[in-house]
Amino acid sequence: MPEGHTLHRLAGQLSAAFSGQVVRASSPQGRFADAVHVDGTRLLDATSAGKHLFVEFEGDLFVHVHLGLIGKFDVHAGAAPPPVGQVRLRLTVPTAYADLRGATQCDLVSRDRRDTIVGALGPDPLRPGADPMRAWSRISRSHRPIGDLLMDQAVLAGVGNVYRAEILFRHRMHPLRPGRTLRVSQFRAMWEDLVELMGTGVQTGRIDTVHTEHTPEVMGRPPRVDDHGGEVYVYRRAGQACHVCGSRIRTEPLQGRNLFWCPGCQPRFRSRAVK
DNA sequence: CCTCTATGGCGAA
DNA sequence: TCGCCCTAGAGGC
């Protein structure tokens, strides 16, 4: 379930449940032996940057977590029951516990290492004061498709396959359009939209992108629940009718990930005739 | 039971 | 571009 909003939300949940407390840390599954180094120490804070999560403990130690495609980090209230399944890391206090499963990364790192990881990321729409022009300087000079650039964490941090598909739809932009053909006003509008959409995602824990005027009630469609739990225009809707124009949603892999777009609402870009 | 898929990202070829 | 890592759930037989 991990795009940037998931990690941001998780940082808030972990902070609320554990900040300032001495916590027990263990690896029931055994694949994070370094848990012993923070076990019984005070957890100071949890923060996120793009899709990275950092849990800070006293002594300048950070547990760096990247959920990858299938990872989960569930925070629960109450006393911890015996672990179920492959629990990589469990954090426990008397009033709460959190279980990490399936992460691609769970490492103990130094402050320097954390700063290096964060420094390699592009601006994060969820970070107050993030500078979108840092992303624009890359996009505006690139021949790569905008759909590719949006997923590049060094260009823009936190956007994954769902937000990519949906932001491009909302801005009527074909995913294969070269970055350098965008106007700055178009990029700015997309950035502002991401700030709002991802902010909502942090609050709700899901990705909803459908404008009020296109909701099932307004459009006279039956209500539906998408597999990923949010209301969307094109993500994973290949072959189905576009909620706006009725065209069949298309899909095609790009760099190993599936693009989704509406051929009616997101026409293929044609470069302006020169002269 | 098996196979497939998934909101990611890495490194080898 | 491909294979691979991580885990759980859904669907087919």
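All chains are named by letter (A, B, ...) in the order of the sequence lines, taking the proteins before the strands, and each is independently numbered beginning at 1. The model shown is predicted, which means the values in this text are computed figures rather than measured ones.
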Using whole Å, what does the distance between atom [atom2] of nucleotide [N] and atom [atom1] of [X] come to?
X	N	atom1	atom2	result
A/N258	B/dT5	CG	C1'	10 Å
A/D148	B/dG9	CG	C1'	13 Å
A/L69	B/dC4	CG	P	17 Å
A/L254	B/dG9	CG	P	14 Å
A/F32	C/dC6	CZ	P	16 Å
A/K51	C/dC6	NZ	C1'	16 Å
A/Q153	B/dG9	CD	C1'	9 Å
A/E3	B/dA6	CD	C1'	12 Å

(request) Give A/Q29 one of three labels, base, sugar-phosphate or nothing, depending on what nucleic acid heavy atoms sit under 4.0 Å from its own. (result)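 Touches sugar-phosphate only.
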
(request) Classify the nucleic acid contact of A/R88 as base, sugar-phosphate or nothing, counting any heavy atom under 4.0 Å across all strands shown. (result)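 Here A/R88 touches the backbone only, sparing every base.
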
Taking only side-chain nitrogens and oxygens of [X], does any of them come within less than 4.0 Å of OP1 or OP2 of [N]?
X	N	value
A/K72	C/dT7	no
A/Y163	B/dT7	no
A/R101	C/dC6	no

Donor-acceptor check, side chain of [X] to backbone of [Y], threshold 3.5 angstrom: yes or no?
X	Y	answer
A/Q105	A/A103	no
A/N161	A/N258	yes
A/R177	A/T181	yes
A/H174	A/L176	yes

(request) Give a yes or no on whether the ring-centroid distance for A/H52 and A/H66 is below 6.0 angstrom. (result)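 Here the rings of A/H66 and A/H52 have centres that are less than 6.0 Å from each other.
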
For the side chain of [X], counting heavy atoms from C-beta on, which of [options] is nearest?
X	options	answer
A/R257	B/dG8, C/dT7, B/dT5	B/dG8
A/H5	B/dT7, C/dT7, B/dG8	B/dT7
A/R31	B/dT7, C/dT7, B/dG8	C/dT7

(request) Find out whether A/M133 and A/F187 are in side-chain contact, i.e. whether some heavy atom of one side chain is under 4.5 Å from a heavy atom of the other. (result)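 Answer yes - side chains close enough.
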
Euclidean distance for [atom1], [N] against [M] (whole angstrom):
N	M	atom1	answer
B/dT5	C/dC13	P	15 Å
B/dA13	C/dC5	P	14 Å
C/dC6	B/dC1	C1'	22 Å

(message) For residues A/I139 and A/M190: do they belong to one hydrophobic cluster (side chain heavy atoms under 4.5 Å, members Ile, Leu, Val, Met, Phe, Trp, Tyr)?
(response)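 Shared cluster, yes.
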
(request) Please test A/R111 against A/E56 for salt bridge (charged side-chain N to carboxylate O under 4.0 Å, His left out), starting from the C-alpha separation and ending with a verdict. (result) CA-CA 9 Å; A/R111 183 176 299 275; A/E56 181 179 5; 3.0 Å; yes

(message) Can you pull out the residues from residues 102-121 of chain A that lie within a 4.0 Å heavy-atom distance of DNA chain C?
(response)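 Contacting residues: A/G102, A/T104.
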
